[in-house]
Amino acid sequence: MSATPSVSRSARTRSWWGWGYADAHPDAAECTAMGALLPGTLTRPLPIPRIADLPIARPAVTPPSSLAHLVTGEPRVRAAHAMGKAYRDVIRALRARPGRIPDLVARPTGDREVADLLDWAGEHGVAVIPFGGGSSVVGGVEYRGDAHRAVLSLDLTSMDRVLEIDTAGRSARIQAGALGPVLEGQLRPHGLTLRHFPQSFEFSTLGGWLATRAGGHYATVHTHIDDFVQALRVITPAGAGTSWRLPASGAGPSPDRLFLGSEGALGVITEAWMRLQERPRHKASASVTFTDFHRALDAVRAIAQSDLAPANCRLLDAGEAFLSGASRDGSSVLVLGFESATGPVDDRLASAVDLARAHSGRAETPPADRDTSADSAVSAWRSAFLRMPYLRDGLARMGAVVETFETAATWDKIPALIDAVRTEVGAAALKITGHPATVNCRLTHVYPDGAAPYFTVAVAGRPGDEVEVWDDIKAVAGEILHRHRATITHHHAVGRDHRAGYDLQRPEPFALALRAAKDALDPYRVLNPGVLLD
C-alpha cells in the first residue's frame with residue numbers, strides 16, 4: 001500500500017523551556033499551593049523564563065547556499081532545541097543558564113538532505129545533535145563542552161510520514177520524525193496501531209524511541225520499542241544502510257541492534273519498518289490494594305510469571321498511590337489492565353486479580369470487559385500519570401528539586417534495592433539540602449525474572465543551586481544501583497547524565513567494539529559528542 005498522507009500536528013504551542021504544552025502549565029497560584037506542601041521551598045514561584053534573557057550569541061557558522069533553506073538561526077527555535085525536558089533542563093531555563101545553545105537548527109525533509117548536512121558538518125567541525133521531540137530526560141539532545149566550533153541541532157520532525165503499509169504482514173515503513181499522535185493518526189484509518197505509548201507520546205518521535213530503546217505502553221511482554229522493529233534505515237557520515245525487512249533472522253549479530261539505543265552517536269535513523277497490531281476492541285481493568293508493599297511485590301511477580309500477559313501491571317507504593325489519588329489510606333495499589341483485538345479479556349483479568357488476592361490483595365470482582373475509565377483508582381492513576389510532568393515544572397518554579405530515575409533488576413534483588421533507594425536517597429537528600437525528602441516508587445514494567453522500579457524524589461532545594469543538588473542526589477542513586485547490580489536505566493537512555501553508570505555497567509570488550517564502531521561510522525566525531533562514549 002502506498003504512502004499515507006501526513007496528519008496535521010496540534011495547533012497548541014509547545015513550551016520551549018518546560019514539559020508539553022505552554023497552556024497546560026500550573027499558574028502561579030497552583031505553584032504556590034504545591035510549594036506549601038514541601039517545607040523549605042520559595043514563597044513565590046520563579047517567573048516564566050523569557051528567551052530575551054538568554055545568552056544567545058550569533059551563529060558561529062554559516063551554512064552553504066545549497067543547505068540554507070533547511071537551516072534557521074532564529075533565537076526562539078535555537079532556544080527550544082538547546083536542552084531536553086529533565087528537571088535539570090527546566091531549572092536551568094528558569095535560572096537563564098541553558099548551557100550552550102545550538103548555533104543553527106536544521107529541518108531536513110529526506111535522506112539526501114540528512115546526508116548533505118552530515119557531510120557539511122564533518123568538513124567544518126560542526127557537532128550534530130539529532131533531535132526528535134526533544135523530550136530527553138538524560139541530557140541526550142544537548143551539547144556540552146567546547147571541542148567543536150559550532151553546534152547544529154538536526155530536527156527530524158519534517159520527516160513524519162507513514163510511507164508504506166503492508167496490511168497482510170501488519171507492518172509499516174515510517175519516517176523517524178513522526179511524533180506519536182502524527183504516527184497513530186496515519187495508521188488509524190487502516191485499523192492498525194503501533195501501540196507504543198510512553199509518557200512522552202505526544203512530544204516524542206519514532207526515531208527518538210528507537211534511538212533510546214524507549215519503554216512504552218505494555219508492562220509485560222512487548223515492553224520496549226525494540227520488540228516492534230523489523231528493519232531500520234540509518235544515515236551515517238560513512239554512508240547509508242538499510243537492514244533487510246524480516247520476521248526473524250539468525251544471520252550473525254543484528255545490524256539493527258547496533259543502532260537501537262545508540263542515541264544518534266553512530267548515525268541518524270531516518271526510517272523504520274515497524275510491526276503493527278489491530279486496534280484493541282476489548283479492554284478490562286481493575287485495581288488491587290495492599291497493606292504490605294512486599295506482599296504486593298510477591299503478587300506482581302506471580303502475575304509476571306503467569307501466562308496472563310497484562311498490558312498494564314503497575315504497582316504504586318503508598319506514597320505514589322497517595323499522590324496520584326489512587327489511594328488515601330496508606331495502601332499500595334496495583335493497577336491491572338488487559339486488552340485484545342480478538343476477544344473478551346475479563347477472564348484473564350479475573351485470574352490476575354485472584355493471584356493478587358492470594359498474596360493478601362484486596363479487590364472487588366471486576367465487571368466483564370470493563371474499560372479503564374470505570375475504575376476510580378485506575379482513572380486517578382492515569383490522570384496523574386499524564387499531569388505529573390507539568391506539576392514537576394510547577395514545583396521547579398518553587399525551587400524544589402523534583403525528578404525521577406528508573407532501573408531494572410532481578411527479583412532476588414528488587415526488595416532490597418527498593419528499600420536501599422528509599423532509605424539512602426532520602427538520607428542523602430536531607431544531608432544535602434537540610435530538608436526532608438519524599439522518595440516514592442512504582443513498578444512500570446515487570447518480567448518473569450525481574451522488574452523495573454521507577455523512583456520519584458522531591459525535596460526543597462538550595463535557591464540557585466538546584467542543579468548541583470540534583471546532581472549530588474543522582475550520584476548517590478547511581479552508586480546504589482551499581483551496588484545492587486541494577487541497570488543505570490531501563491528505558492530513559494544513557495544520554496550524558498547516565499554516562500558514569502553506563503561506563504561501569506558495560507563490559508570492556510564491548511566498549512572497545514563500540515569505540516571502533518564510532519571511529520568507523522563517525523570519523524570526524526561530530527555525531528552527538530559525549531553520548532555513550534567520548
Side-chain angles (χ1 to χ4, degrees), residues 67 70 102 106-134 136 138 140-143 148 151-160 163 173-178 204-214 225-226 229-245 252-274 493-496 502 506 510-534:
L67 299 176
L70 303 174
R107 289 195 172 97
T109 60
D111 287 5
R112 180 70 263 166
E113 293 171 350
V114 171
D116 290 345
L117 287 162
L118 293 185
D119 288 345
W120 169 72
E123 291 172 6
H124 294 84
V126 177
V128 179
I129 314 296
F131 194 99
S136 171
V138 294
V141 293
E142 67 176 273
Y143 182 87
H148 296 79
V151 179
L152 174 75
S153 179
L154 187 67
D155 187 321
L156 275 293
T157 54
S158 292
M159 298 171 63
D160 66 352
L163 298 172
R173 182 165 65 98
I174 307 169
Q175 289 184 306
S204 54
T205 64
L206 173 63
W209 302 340
L210 297 167
T212 60
R213 297 183 66 197
I225 193 65
D226 314 30
V229 175
Q230 273 190 330
L232 296 180
R233 178 163 175 78
V234 183
I235 309 298
T236 80
T242 306
S243 61
W244 284 20
R245 180 192 167 213
S254 166
D256 295 334
R257 289 283 172 178
L258 179 63
F259 296 103
L260 290 170
S262 65
E263 301 186 52
L266 302 178
V268 180
I269 299 170
T270 60
E271 291 179 14
W273 271 99
M274 303 299 295
V494 175
R496 291 165 179 83
Y502 179 63
R506 68 187 176 194
F510 178 77
L512 183 66
L514 190 61
R515 294 186 196 106
K518 177 73 170 177
D519 289 340
L521 297 173
D522 183 21
Y524 295 108
R525 292 280 177 151
V526 296
L527 281 176
N528 218 356
V531 164
L532 297 184
L533 71 172
D534 295 323

Which value, rounded to the nearest 0.5 Å, describes the distance between L206 atom CG and M159 atom CE? 11.5 Å

G132 and T157 have their tightest heavy-atom pair at O-CG2, 3.3 Å

Derivation and outcome, side-chain contact (heavy atoms from CB on, under 4.5 Å), residues T205 and L156: CA-CA 9 Å; T205 64; L156 275 293; over 6 Å; no

Please check: side-chain N/O of H148 versus main-chain N/O of V128, any donor-acceptor pairing under 3.5 Å? no

Please list all pairs meeting salt bridge (charged side-chain N to carboxylate O under 4.0 Å, His left out) that have one or both residues in residues 256-273, counting only residues at least two apart or in different chains. R173-E271, D226-R257

Quick one: does N528's side chain have a donor or acceptor within less than 3.5 Å of a partner on P130's backbone? no

To the nearest 0.5 angstrom, please state how far the CZ atom of R233 sits from the CG atom of L163. 11.0 Å

Is any side-chain heavy atom of V229 closer than 4.5 Å to one of F259? no

If you take all heavy atoms of G239 and T236, which pair is closest and at what distance? O-OG1, 2.7 Å

Check ion pair D519-R515 (N to O, under 4.0 angstrom): no

Applying side chain to side chain donor-acceptor pair (under 3.5 Å) to D119 and not counting sequence neighbours gives none

Counting distance only, does the side-chain N/O of K518 pair as donor-acceptor with the main-chain N or O of L527 below 3.5 Å? yes

So how far is it from L152 CG to L67 CG, rounded to the nearest 0.5 Å? 9.5 Å

Please confirm whether the backbone N or O of W120 pairs with a side-chain atom of D116, one donor and one acceptor, at under 3.5 Å? no

Nearest heavy atoms of P237 and L521, plus distance in Å: CD-O, 3.1 Å

Looking at CZ of R107 and CG of D155, how far apart are the two atoms once the value is rounded to the nearest 0.5 Å? 4.5 Å

What are the two closest heavy atoms between P108 and L70, and how far apart are they? CA-CD2, 4.4 Å

Kindly indicate whether the side chain of P529, heavy atoms from C-beta on, has any atom under 4.5 Å from the side chain of Y143. yes

Spell out, as yes or no, whether a donor-acceptor pair under 3.5 Å connects the side chain of S243 to the backbone of L232. yes

